[in-house]
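Written out below as structure tokens is the structure these notes cover.
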Amino acid sequence: MGVHGTGGPGAAAPSVGVEEEFLLVDAVSGKCVPGAGGVLAEAGAHRWAGSGGSFQAELLTSQVEAATGVCRDLAGLGEQLRFGRARLAAAARSRGALLVASGTPVLDGRPPPPAPGDRFAAIMAAFGDVVEDYQACGCHVHVGVPGREAAVAVVNHLRPWLPVLLALSANSPFDHGRASGHAARRIVEMARFPGAGVPPWSATAAEWDARVAALVEAGVLVDASMTFWLARPSPRWPTVEVRAADAAATADEAVLQAALVRGLVGAALADLAAGREAPRADGQLCAAALWSAARHGLDCTLADPVARRPVPAWRLVDDLVARAAPALEDTGDLATVFTLLEALRRAGTGADRQRRAARAGGPRAVVEMLARQTRSGRLTGSGGLTGFGGGPSGGAPDAPPEPSPPPHETHGEETGVWDARERVPEPDAPRTDATLTTEDT
């Protein structure tokens, strides 16, 4: 990820970039495979390498990452996201694998070996069996800020909203062959590590750094770059990095996360410029809201850690949009956010869609659906959103052609993840017994 500039009065929109983590699964069995080295070699250089775009290894060899370069607008970001997915998906198919955007593996399999490198080896040595099968994947959003003090202050403002961002992105209801009962099981997996979840409130950058240094000195972090909080000042760039979201089911949903995060960062910077410090949201209530979001996604109430009362998740989504609206208007993104949120209301979260696929065709159908929507990148069923891509497939103009779909895929669903023929309950509608399954209880 390249260096990110910042906004200000009369300045260009704050920079934004996204890192997406994916799983590699065997095209026949649907189980995770250790193919990262070959896939990354096949993918080659990123088209936007000059501005920080890259393809990278992750901790385990069943995972790969696509990072965009520095972007200023959502159209450019969407183009880069689709390019990265198309390039990695094509590379995976050439090696008998599928690229899957899911927070956790759907099917069980043998734990993959770690990626090569001294740092990965140090992490494996430090955490032992905690990480030997840790195949959790997220969507990380970077937004440019004026400096490290501003970054820490912005993180304080973001703390109450992290559970809402998670609920919107929930995309890991299955874990190693079982229905977990959670919409975002990835968060439960992350809780294995010290200092996971919503970050503590910090008065200054020095206080933040001292806390991280104490964790390193205690031996629970490998180095100061390795924290597990869901929002932090980036250890490498002049950005705030938000890691609340599960791996985005589609590129559209990654764009939605990026837009909302940038809007919240803009709102925080405006408050700081006006001398308004972030509320000291109760840490335990933040943790409770995060747990509820992981358990139920958007189908729940979340603890509002500032108001100290339970609030329906979709109402908090509306509150989040209202909070970010002035910044979203400044960047011209508000209409896009409304369009994507309406599409998400109709399609359901990634977790909702995984469960529907499982009810219709079992676990293998889930894997096939995930590979299809990862490659398509679109949330809407009408062929994508205007301005979010460069061609009929929504990818960059010189992106490689999409591979042929694996066996048993339904070609009629390739235009998006939501089929207009399928009745989807409104988010606030009560469920009936006919819609409940074991994973919902």
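Note that these values count all heavy atoms, side chains included, but never hydrogens, waters or copies made by symmetry. All residue numbers in this chain count up from 1 along the given sequence.
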Q: Could you tell me how the ring of Phe228 sits relative to the ring of Phe193: parallel (under 30°), tilted (30 to 60°) or perpendicular (over 60°)?
A: parallel

Q. Considering all heavy atoms of both residues, which atom of Ala289 and which atom of Leu302 are nearest to each other, and what is their separation?
A. O-CD2, 3.5 Å

Q) Can we say Arg378 and Asp252 salt-bridge, meaning some charged N sits less than 4.0 Å from an Asp/Glu carboxylate O? A) no

(Q) Tell me if a side-chain donor or acceptor on Asp129 pairs with a main-chain N or O of Glu132 at a distance below 3.5 Å. (A) no

Q | Centroid separation Trp208 to Trp201 less than 6.0 Å | A | no

Q.
Side chains of Asp133 and Gln135: any donor to acceptor distance under 3.5 Å?
A. yes

Q) Under the side-chain contact (heavy atoms from CB on, under 4.5 Å) criterion, do Leu107 and Val25 qualify, and how do the steps go? A) CA-CA 9 Å; Leu107 300 177; Val25 305; over 6 Å; no

**Q.** Heavy-atom side-chain contact between Arg345 and Trp314 under 4.5 Å
**A.** yes

Q) Run the salt bridge (Lys or Arg N to Asp or Glu O under 4.0 Å) check on Arg372 and Glu368 step by step: do they pass? A) CA-CA 6 Å; Arg372 184 170 62 250; Glu368 292 174 357; 5.7 Å; no

Q | Exercise: identify the closest heavy-atom pair between Leu298 and Ala167 | A | CG-O, 3.6 Å

Q.
Taking the side chain as everything from C-beta on, heavy atoms only, tell me whether Leu260 gets closer than 4.5 Å to Val321.
A. yes

Q) Could you give the distance from CZ (Arg243) to CD (Glu19), rounded to the nearest 0.5 Å? A) 9.0 Å

(Q) Please evaluate residues Gln257 and Leu168 with respect to the criterion side-chain contact (heavy atoms from CB on, under 4.5 Å), reporting the C-alpha separation (whole Å), side-chain torsions for both, the decisive distance (0.1 Å), and the verdict. (A) CA-CA 8 Å; Gln257 278 284 320; Leu168 283 165; 4.1 Å; yes

Q. Would you find a donor on one side and an acceptor on the other, under 3.5 Å apart, between the side chain of His46 and the backbone of Trp48?
A. yes

Q. Do you know the tightest heavy-atom contact between Leu285 and Ala303?
A. O-CB, 3.9 Å

Q: Go through Leu230 and Met190 one step at a time and tell me if the side-chain contact (heavy atoms from CB on, under 4.5 Å) criterion holds.
A: CA-CA 10 Å; Leu230 297 180; Met190 290 184 72; 3.8 Å; yes

Q | side-chain contact (heavy atoms from CB on, under 4.5 Å) between His182 and Ser172, worked out | A | CA-CA 7 Å; His182 285 73; Ser172 50; over 6 Å; no

Q: Would you mind checking if Asp209 and Arg148 are paired as a salt bridge, meaning a charged N to carboxylate O distance below 4.0 Å?
A: yes

**Q.** Pairing of Glu253 and Arg85 as salt bridge, 4.0 angstrom limit
**A.** no

(Q) Quick check against the 3.5 Å criterion: does Thr349 have a side-chain atom that pairs as donor or acceptor with the backbone of Asp352? (A) yes

Q.
Is any side-chain heavy atom of Asp73 closer than 4.5 Å to one of Thr331?
A. no

Q) Thinking salt bridges, do Arg82 and Glu79 make one under a 4.0 Å N-O criterion? A) no

Q. Can you check whether Cys32 reaches Pro105 side chain to side chain, under 4.5 Å on heavy atoms?
A. yes

Q: Quick one: closest heavy-atom pair of Ala57 and Ala115, and the distance?
A: CB-CB, 4.3 Å

Q) Would you call Arg185 and Asp246 a salt bridge, using N to O less than 4.0 angstrom? A) no

**Q.** CG on Leu165 to CG on Leu320, rounded to 0.5 Å
**A.** 5.5 Å

Q.
Taking CZ in Arg110 as the centre, count heavy atoms belonging to other residues, nucleotides or ligands within less than 6.0 Å. Is the count above 12?
A. no

**Q.** N/O donor-acceptor pair under 3.5 Å between Arg262 side chain and Val141 backbone
**A.** no

(Q) Using side-chain heavy atoms (C-beta onward) and a distance below 4.5 Å, is Val70 in contact with His142? (A) no

Q. Do side-chain atoms of Arg353 reach the backbone of Ala347 as a donor and acceptor pair under 3.5 angstrom?
A. no

Q) Trp229 and Val212: which non-hydrogen atoms are nearest, and at how many Å? A) CZ3-CG2, 3.8 Å

Q) Do the side chain of Asp333 and the main chain of Thr336 share a donor and acceptor less than 3.5 angstrom apart? A) no

Q) Can any side-chain N or O of Gln63 pair as donor or acceptor with the backbone N or O of Phe22 at less than 3.5 Å? A) no

Q) Going by heavy atoms in the side chains, are Leu370 and Asn171 under 4.5 Å from each other? A) yes

Q | Rounded distance (nearest 0.5 Å) linking atom OG of Ser202 with atom CZ of Arg159 | A | 8.5 Å

Q.
Just so I know, are the side chains of Arg186 and Cys137 near enough to count as touching, which here means a heavy-atom distance under 4.5 Å?
A. no

Q.
Using a 3.5 Å distance criterion without hydrogens, assess whether the side chain of Thr374 forms a donor-acceptor pair with backbone atoms of Ala101.
A. yes

Q. Is there a donor-acceptor pair closer than 3.5 Å between any side-chain N or O of Ser180 and the backbone N or O of Pro173?
A. yes

Q. Is any side-chain heavy atom of Ser225 closer than 4.5 Å to a side-chain heavy atom of Arg119?
A. yes

**Q.** Atom pair CD/CG of Glu20 and Leu99 - distance to nearest 0.5 Å
**A.** 9.0 Å

Q | Straight-line distance of Asp223 CG to Leu215 CG, nearest 0.5 Å | A | 12.0 Å

Q.
Within this structure, what is the OG1-CZ distance for the pair Thr104 and Arg178, rounded to the nearest 0.5 Å?
A. 9.5 Å

Q | Closest contact, heavy atoms only, Leu158 versus Val240 | A | CD1-CG1, 3.7 Å

Q: Kindly say whether Gln56 contributes a backbone atom to a donor-acceptor pair with the side chain of Ser54 at under 3.5 angstrom?
A: no

